[in-house]
Undergrad: 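Dropping the structure in here first, questions after.
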Amino acid sequence: DALPISCLSSLDLSCNCIGDEGANSLAQALGVNTSLSSLNLGFNFIGDQGVNSLAQALKVNTSLCSLDVGRNSIGDEGANSLAQALTVNTSLSSLDLPSNVIGDEGANSLAQALKVNTSLSSLDLSCNAISTEGANSLAQALRLSTSLSSLDLGDNSIGDEGANSLAQALRVNNTLSSLDLGDNSIGDKGANSLAHALRVNNSLSSLDLGSNSIGAEGENSLAQALRVNTSLSSLDLGGNPVGDKGANSLTQVLRVSTS
């Protein structure tokens, strides 16, 4: 006998050329479905119209925990719609939006939603068009968020100023455990700010700073922070011009590491 559709808990429709029309149809189903907990719609040519329909469904759906709409054509308008849904949705814990065209406006909307949302624990905004302004908004959200534990901003353009804003948020945030800032044009100034934050933060366990522009100065600051930080277990500095001096600083830390 065929499995009743009401029993389906996970559905992967990635890479299927679904488009907005297909997303609209799926959204109608989500509005009444009570069993589906995971939906992958990555790489499907879904734009703002399609994701807007999905967002409307999220306002009433109470079962979906994970939604992947990465590698589509979602812009600020679509991000705004999802943000509105997050202000009322209480079930979604993971939202993946990598490789879209979301800019600072969309990032700001999502940040405002994070200030009141209490269910989302993972947000992937990597490979979008987020700059310093968007990073600043997300940093403000991190000061208030009580649920977000993983934030991926890799391959954007937040720069040193954006990194500094996030670093200031890390001084007071105690829920974030994973932060990806790889490939973001972060230099020594940004690394120094993050290092100062690591001296007082006790929740972050993974920090990705790979493929930036961090030199020996920034790497040395991070190394000194590791001498007092007790939570960070994974640090990615691959693809940075740290040189021999930077490597030597880390070597000294590793000599006294007990974890």
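One-based numbering along the sequence shown.
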Undergrad: To the nearest 0.5 Å, what is the distance between CG on Leu110 and OG1 on Thr87?
TA: 11.0 Å
Undergrad: Please give me the minimum heavy-atom distance between Val69 and Ile74, naming the atom from each residue.
TA: O-CD1, 3.5 Å
Undergrad: Applying side-chain contact (heavy atoms from CB on, under 4.5 Å), can you list everything that pairs with Ala167, at least two apart in sequence or on another chain?
TA: Ser193, Leu194, Ala197
Undergrad: So which atom in Ile214 and which in Pro241 form the shortest heavy-atom distance, rounded to 0.1 Å?
TA: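 Reported closest heavy-atom pair: O-CD, 3.1 Å.
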Undergrad: List the steps and the verdict of side-chain contact (heavy atoms from CB on, under 4.5 Å) for Leu30 and Leu39.
TA: CA-CA 10 Å; Leu30 281 179; Leu39 178 59; 3.9 Å; yes
Undergrad: For the CD1 atom of Ile46 and the CG atom of Asn52, what is their distance to the nearest 0.5 Å?
TA: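 These two atoms lie 12.5 Å from each other.
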Undergrad: Drop me the distance from Leu114's CG to Ser147's OG, to the nearest 0.5 angstrom.
TA: 7.0 Å
Undergrad: Test: side chain to side chain donor-acceptor pair (under 3.5 Å). Region: residues 132-142. Which pairs qualify, not counting sequence neighbours?
TA: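 The answer is Asn108-Ser137, Asn136-Ser165.
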Undergrad: Considering only heavy atoms from C-beta outward, does the side chain of Leu36 approach that of Leu11 to under 4.5 Å?
TA: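 Heavy-atom side-chain distance check passes, below 4.5 Å.
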Undergrad: Is the shortest side-chain heavy-atom distance between Glu219 and Leu237 below 4.5 Å?
TA: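 Yes, side chains in contact.
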Undergrad: Please name the pair of heavy atoms, one in Ile186 and one in Ala191, separated by the smallest distance, quoted to 0.1 Å.
TA: CG2-N, 4.0 Å
Undergrad: Side chain of Asn40, backbone of Leu13: donor and acceptor closer than 3.5 Å?
TA: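 No; zero donor-acceptor contacts below 3.5 Å.
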Undergrad: A quick test of your reading: do over 12 heavy atoms of other residues, nucleotides or ligands sit less than 6.0 Å from NZ of Lys115?
TA: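 More than 12 heavy atoms, drawn from other residues, nucleotides or ligands, come within 6.0 Å of this atom.
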Undergrad: Mind jotting down which residue pairs meet the side chain to side chain donor-acceptor pair (under 3.5 Å) criterion with at least one end in residues 149-163? Sequence neighbours excluded, please.
TA: none
Undergrad: At their closest point, which heavy atom of Leu198 faces which heavy atom of Asn229, and how far apart are they?
TA: O-ND2, 2.8 Å
Undergrad: Examine distances only and state if a side-chain atom of Asn128 and a backbone atom of Ile130 form a donor-acceptor pair shorter than 3.5 Å.
TA: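 No.
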Undergrad: Are Leu97 and Asp124 side-chain neighbours, meaning at least one heavy-atom pair lies under 4.5 Å?
TA: no
Undergrad: Find the distance between CG (Leu64) and CG (Asn33) and round it off to the nearest 0.5 Å.
TA: 8.5 Å
Undergrad: Under 4.5 Å between any side-chain heavy atoms of Asp208 and Leu181, yes or no?
TA: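 Asp208 vs Leu181: side chains apart.
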Undergrad: About how many Å separate OG of Ser66 and CG of Asp96, when rounded to the nearest 0.5 Å?
TA: 6.0 Å
Undergrad: Provide the closest heavy-atom pair for Arg143 versus Val172 in the form atom of the first, atom of the second, distance.
TA: CG-CG2, 3.9 Å
Undergrad: Would you name the heavy atoms of Asn72 and Leu41 that are closest together and state the gap between them?
TA: ND2-O, 3.2 Å
Undergrad: Does Asn212 use its side chain to pair, donor to acceptor, with the backbone of Leu209 at less than 3.5 Å?
TA: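 Judged by distance alone, yes, a pair lies under 3.5 Å.
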Undergrad: Apply side chain to side chain donor-acceptor pair (under 3.5 Å) to residues Asn202 and Ser231 and explain how you reach the verdict.
TA: CA-CA 5 Å; Asn202 58 12; Ser231 64; over 6 Å; no
Undergrad: For Asn174 and Ser203, does a side-chain donor sit closer than 3.5 Å to a side-chain acceptor?
TA: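 Side chains of Asn174 and Ser203: no pair found under 3.5 Å.
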Undergrad: Give a yes or no on whether Leu8 and Ile18 share a hydrophobic cluster (residues Ile, Leu, Val, Met, Phe, Trp, Tyr; joining criterion: side-chain heavy atoms under 4.5 Å apart).
TA: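 Yes, because Leu8 and Ile18 connect within a single hydrophobic cluster, where side-chain heavy atoms sit under 4.5 Å apart.
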Undergrad: Got Leu226 and Leu235 here, is their nearest side-chain heavy-atom distance under 4.5 Å?
TA: yes
Undergrad: Roughly how far, to the nearest 0.5 Å, is CG of Leu176 from CG of Asn201?
TA: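 It is 8.0 Å, given to the nearest 0.5 Å.
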Undergrad: Quick check: do His196 and Arg171 have side-chain heavy atoms less than 4.5 Å from each other?
TA: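 The answer is yes, as the side chains (C-beta and beyond) meet within the 4.5 Å cut-off.
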